[in-house]
Structures are given as structure tokens and as C-alpha cells.
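Residue numbering restarts at 1 for every chain, and letters A, B, ... go by the order of the sequence lines.
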There are 2 protein chains.
Amino acid sequence: MAAKSSPKLSILEQIAMVAKALGNPHRLDLLELLAQGERSVEGLAAASGLSFANTSQHLQVLRRSGLAVSRRSGLHVLYRTSGDDVLELLAALRRTAARHVEEIDRLMQGFFHQRDALEPVSRDELVGRLGDGTVTLLDVRPPEEYAAGHLPGAINIPLKELQRRLGELPDGAEVVAYCRGPYCVLAFEAVASLRECGRAARRLQDGFPEWRLAGLPVET
Amino acid sequence: MAAKSSPKLSILEQIAMVAKALGNPHRLDLLELLAQGERSVEGLAAASGLSFANTSQHLQVLRRSGLAVSRRSGLHVLYRTSGDDVLELLAALRRTAARHVEEIDRLMQGFFHQRDALEPVSRDELVGRLGDGTVTLLDVRPPEEYAAGHLPGAINIPLKELQRRLGELPDGAEVVAYCRGPYCVLAFEAVASLRECGRAARRLQDGFPEWRLAGLPVET
DNA sequence: CTGTTATTCAATAACTTTGTTGAATAGTAT
DNA sequence: ATACTATTCAACAAAGTTATTGAATAACAG
């Protein structure tokens with residue numbers, strides 16, 4: 001078959017390899033974690049709930065396909081995404097999936113929308129409200145992800161600590177909570193929790209990486 | 001394992017399914033063909049070199065993952081991409097692969113650059129030169145793809161007919177050839193052939209779908 | 001109703017992917 | 001050199017993917 005050995009098919013095989021690397025939910029999760037900042041295998045295993053060996057195996061797939069790169073730092077190997085284009089690719093993949101896969105709508109309706117019947121705050125809306133005193137930004141990611149980068153003026157209270165640290169949120173302003181990405185459960189749950197306590201709260205449509213990718217200001 | 005049944009993992013599984021659908025070179029080829037316009041299974045099998053059954057099988061994967069949709073028209077089932085966002089996703093995938101997979105560079109060096117040592121004409125450069133009489137646009141795709149849509153003023157001469165139809169190309173202007181996408185062999189070979197005949201020729205960086213996606217004018 | 005055309009399905013074999021288990025490797029501290 | 005920590009590797013079983021083959025299905029013409 002002449003087509004089999006064509007240079008174009010060879011190139012398509014390489015492109016397909018990249019897509020295949022994205023074709024596993026655990027690897028998508030790992031990439032979303034890497035989107036928050038560089039991280040060790042141990043840290044990724046802990047955050048993802050995978051075994052060490054399995055985490056390492058998936059990271060090899062990501063590294064070999066070019067989506068992630070690694071460097072040694074003492075005993076630790078630190079992984080990160082290979083470039084912002086990988087985050088753009090992830091965003092495009094999510095957008096296409098959200099638009100054409102009905103099951104995603106069903107899952108959103110069945111879980112997330114029960115908890116957040118209000119529309120999320122869009123990036124543009126938030127940009128317009130920064131600085132006018134009407135919004136308190138709440139980052140519910142773990143502290144090390146917050147430290148790697150966060151939205152300007154955001155307060156970091158991981159979800160587990162939210163109930164007992166409510167006093168740290170200024171009175172009056174609406175709370176806008178954000179997390180790792182558009183499907184991160186933590187922001188949804190933070191909003192639900194805040195509303196139970198009588199606070200006005202919504203979640204941000206984006207996670208931190210999407211905000212940064214849009215060229216918007218970030219703090220470290 | 002609590003993570004296994006989480007709604008987020010369920011959503012990631014759906015997103016992974018879309019990526020998996022892209023994880024096969026034949027399906028990428030089929031999507032590039034669909035990017036040129038709606039087409040029957042028979043037509044896709046002929047253009048791709050796959051068997052009918054195998055073509056149909058791959059199309060089921062594309063349809064179930066939401067990347068393509070189909071409609072019956074008499075005996076024929078016509079497939080098309082489900083939206084322009086699918087083409088944007090393909091572009092993002094190619095971009096990431098080209099940037100991070102060294103084998104793609106090697107393949108490009110080994111085959112394509114032997115035939116086109118000049119840089120391709122960028123979209124912006126072409127936009128600037130349309131209408132000034134310095135460029136002849138040559139579309140080397142099959143006539144049915146040309147008919148579905150082409151760059152303004154482009155002449156359609158499929159590669160196989162180029163040698164004997166050289167007289168149809170106006171004298172003096174540089175020929176810019178384009179095809180289905182950035183890795184389509186036909187544009188490369190057209191440029192090589194034209195240069196052998198003493199004509200000034202380069203290829204366009206984009207294929208027709210990328211041009212249209214950029215909002216640039218198209219003719220039908 | 002029958003025959004033709006176009007397409008899809010089911011079953012199969014071969015290959016690939018995934019997660020686990022236990023071993024091997026690399027870097028560091030003593 | 002030895003022990004410890006972090007990571008990766010190899011082998012394996014189970015599940016999934018791919019291409020092929022032959023059958024089944026849907027639409028149309030006569």
C-alpha cells in the first residue's frame with residue numbers, strides 16, 4: 001500500500017501520537033496539575049491518586065509525546081508542561097468536547113449545575129470588576145499551586161479549611177472562587193459552601209492557567 | 001478509589017475519548033479530507049486509500065466522539081466535520097506536535113525541504129499580495145474540493161495534470177500553490193514541478209481550511 | 001417483489017494500552 | 001561502602017484497538 005510509507009502518513013503518525021497521549025483521563029488530569037506549575041512525581045501521584053509506578057508510566061507517555069518535559073533536582077524529578085501551546089491545545093480539546101459530546105452536558109447538569117445554578121463569572125466580567133471593590137477573589141487550590149501563581153489580590157483558602165476561615169473573607173463583596181480549570185470540583189464546592197453560610201458567591205469560568213494564557217495579570 | 005467515580009474523572013473520560021479519536025493517523029487524514037467539504041464514504045475511501053469497511057469503522061469513531069456528523073442523501077451517507085472548532089483543534093494539535101516532536105522536523109527536513117528550500121508564503125504575506133498582480137494562486141486539490149470552496153482567483157489544476165496544462169498559468173507572476181493542509185504533499189510536488197519548468201513558484205503555508213478559518217475571503 | 005448499490009455490523013486475529021508487582025537505577029547522606 | 005529516598009523499568013495479565021472478512025442492512029430502480 002503506497003499510502004503506508006508516504007511521508008505525510010509518517011507525519012500524521014507523529015501527530016496522532018500526541019493526540020493519543022491526551023487520550024487517557026489520568027494524563028489529562030496530570031496535565032491540568034502541571035498547568036498550575038512544575039511538580040515532582042511524588043506530588044503528582046499524591047494529587048492525582050495514582051500509584052507511583054502508574055504516575056511515572058503516564059508521565060513517560062507525556063514526555064515522549066512532547067507534551068511535558070522533566071529535569072532532575074536532587075532526588076526529585078520535576079515535570080512541567082513543555083509550553084503554553086500545550087495549554088492552548090487542552091483548551092481547544094475541552095471546547096470541542098464540551099460542544100459536541102452530549103454526555104458532558106449531562107454530567108454537568110447532573111453534578112455541577114445542582115451546585116451552581118448561577119452562570120459562572122466570565123473572564124471579561126472579572127477583568128471589568130477588578131479594582132472596583134465589589135469582588136473578593138478566592139483561590140481554593142493547595143498553597144503550593146497558589147504560590148506558583150495566582151490572580152491579583154486573590155486570597156488562598158483551600159476548600160477543606162473554608163468553613164473555619166470564613167472570617168478572613170471581607171464582608172460585603174461578592175466572592176468569586178477559582179481553581180485549576182473549568183471542571184475542577186473545588187470551586188463548585190466552595191461556592192456551595194459559601195452560599196450555605198449566607199455569602200454571595202460565584203465561581204470563575206476559568207482556572208488559573210486559562211487566565212494567565214489570556215495574558216491577564218498574575219501575581220506570584 | 002474515590003477518584004474513580006468522581007464527576008470530574010467522568011468528564012475527563014469524555015474529553016479523553018475525543019482525543020483518542022484523533023489518536024490515529026488515518027482518522028486525522030479523514031478529518032483533513034472532511035475539512036475540504038462534505039463527502040461520502042466511497043469518496044473518503046478512495047481519497048484515503050482505506051478499505052470501505054475500515055473507512056466506515058473510522059468514521060463511526062469520529063461520529064461517536066462528536067468530531068464528525070453524517071446525513072443520508074439517497075444511497076449515500078455524507079460526512080462532514082461537526083464544526084469549525086474541530087478544525088481549530090486540529091490546527092492546535094499540529095502546532096503542538098510540530099513544536100515538540102523532533103521526528104516531525106526530521107521528516108520535514110528529509111522529505112519536504114528537499115523539495116521546497118524556500119520558506120512557504122505566509123497567510124499574511126499572501127493577503128498583502130492579493131490583487132497586486134504579482135501572484136498566481138494555484139489550487140492543486142481535486143476538482144470537487146475546489147468546487148466546495150477555494151481562495152479568491154485561484155486556478156484549479158490537479159497535480160497529475162500540471163505538466164500538460166502549464167500554459168494555463170499566466171506568465172510573469174509567481175505561482176503560489178496550495179492544497180488541503182500544511183503537510184499535504186501535492187503542493188510541495190507542484191512547486192518542485194513548476195521550478196523544473198523554470199517557473200517561479202512557492203507553496204502557501206496553509207491549506208484551504210486554515211485560510212477560511214482565519215476569516216479570509218473564499219470563493220465558491 | 002427482486003436486484004443493485006452503498007454502507008455498516010459482527011466476529012476474529014493480531015497488536016497496543018493499562019495497571020500492577022517486584023526489581024533495578026540514580027542521587028544523596030553518613 | 002552502605003543505607004535510604006525517589007523514580008523508572010520489565011514482565012505480566014487484562015482490556016482495548018485495528019484491519020480484515022463476510023454477512024446484514026438501507027435506499028433506490030425497475
Check: Think A:Ser51 has a side-chain N or O under 4.0 angstrom from the OP1 or OP2 of C:dT20?
Finding: yes

Next item on the list: Rounded off to whole Å, could you give me the CG-to-P distance for the B:Leu50 and D:dT17 pair?
Entry: 18 Å

Check: Within the structure, does a side-chain N or O atom of B:Tyr79 lie under 4.0 Å from either OP1 or OP2 of C:dA6?
Finding: no

Note to self: At 4.0 Å (heavy atoms only), tell me whether A:Ser40 reaches a base, stays on the sugar-phosphate, or touches nothing.
What the structure shows: sugar-phosphate

Note to self: Going by side-chain hydrogen bond (donor to acceptor under 3.5 Å, both in side chains), A:Glu210 matches just one of A:Arg94, A:Arg180, A:Gln205. Which one?
What the structure shows: A:Arg94

Extract from the structure each pairing of a protein N or O with an N or O of nucleotides 22-27 of chain C at less than 3.5 Å, listing the distance.
none

Next item on the list: Using atom CD of A:Glu42 as one end and atom P of D:dA6 as the other, report the distance to the nearest whole Å.
Entry: 5 Å

Note to self: I need the CE-C1' distance between B:Met17 and C:dT18, as an integer number of Å.
What the structure shows: 19 Å

Notebook entry, point to check: Does A:His58 put a side-chain nitrogen or oxygen below 4.0 Å from OP1 or OP2 of C:dT17?
Noted result: no

Check: How long is the gap from CZ on B:Arg141 to CD on B:Gln36, to the nearest 0.5 Å?
Finding: 5.0 Å

Notebook entry, point to check: Within a strict 4.5 Å, meaning less than it, do heavy atoms of the A:Glu144 and A:Arg39 side chains meet?
Noted result: yes

Checklist line | Atom pair distance, as rounded to whole Å: CZ in B:Arg64 and P in C:dT8 | finding: 11 Å

Check: Has the side chain of A:Arg72 got a donor or acceptor atom that lies under 3.5 Å from a matching backbone atom of A:Leu75?
Finding: yes

Next item on the list: Please state how far atom CZ in A:Arg71 lies from atom P in D:dA6, giving the value in whole angstrom units.
Entry: 17 Å

Next item on the list: Using only side-chain N and O atoms of A:Asn54, determine if any of them is under 4.0 Å from OP1 or OP2 of C:dT18.
Entry: no

Note to self: Regarding B:Gln60, tell me which of base, sugar-phosphate or nothing describes its non-hydrogen contacts under 4.0 Å with the strands shown.
What the structure shows: sugar-phosphate

Notebook entry, point to check: CD of A:Glu13 versus P of C:dT16: gap in Å, rounded?
Noted result: 12 Å

Checklist line | A:Arg71/A:Glu38 ion pair, N-O < 4.0 Å | finding: yes

Item checked: Which nucleotide in C:dT18, D:dT20, C:dT8 has an atom nearest any side-chain atom of B:Val41 -> C:dT8

Check: What's the CZ-C1' distance between B:Phe52 and D:dG22, to the nearest Å?
Finding: 16 Å

Check: Could you walk me through whether A:Tyr183 and A:Ile104 pass the side-chain contact (heavy atoms from CB on, under 4.5 Å) check?
Finding: CA-CA 11 Å; A:Tyr183 300 122; A:Ile104 290 181; 4.2 Å; yes

Note to self: Other residues, nucleotides and ligands only: do more than 12 of their heavy atoms fall within 6.0 Å of CD on A:Glu219?
What the structure shows: yes

Next item on the list: Nearest whole angstrom, please: distance from the P of C:dT4 to the NE2 of B:His76.
Entry: 18 Å

Note to self: By the 4.0 Å heavy-atom rule, please label B:Arg27 as base, sugar-phosphate, or nothing.
What the structure shows: sugar-phosphate

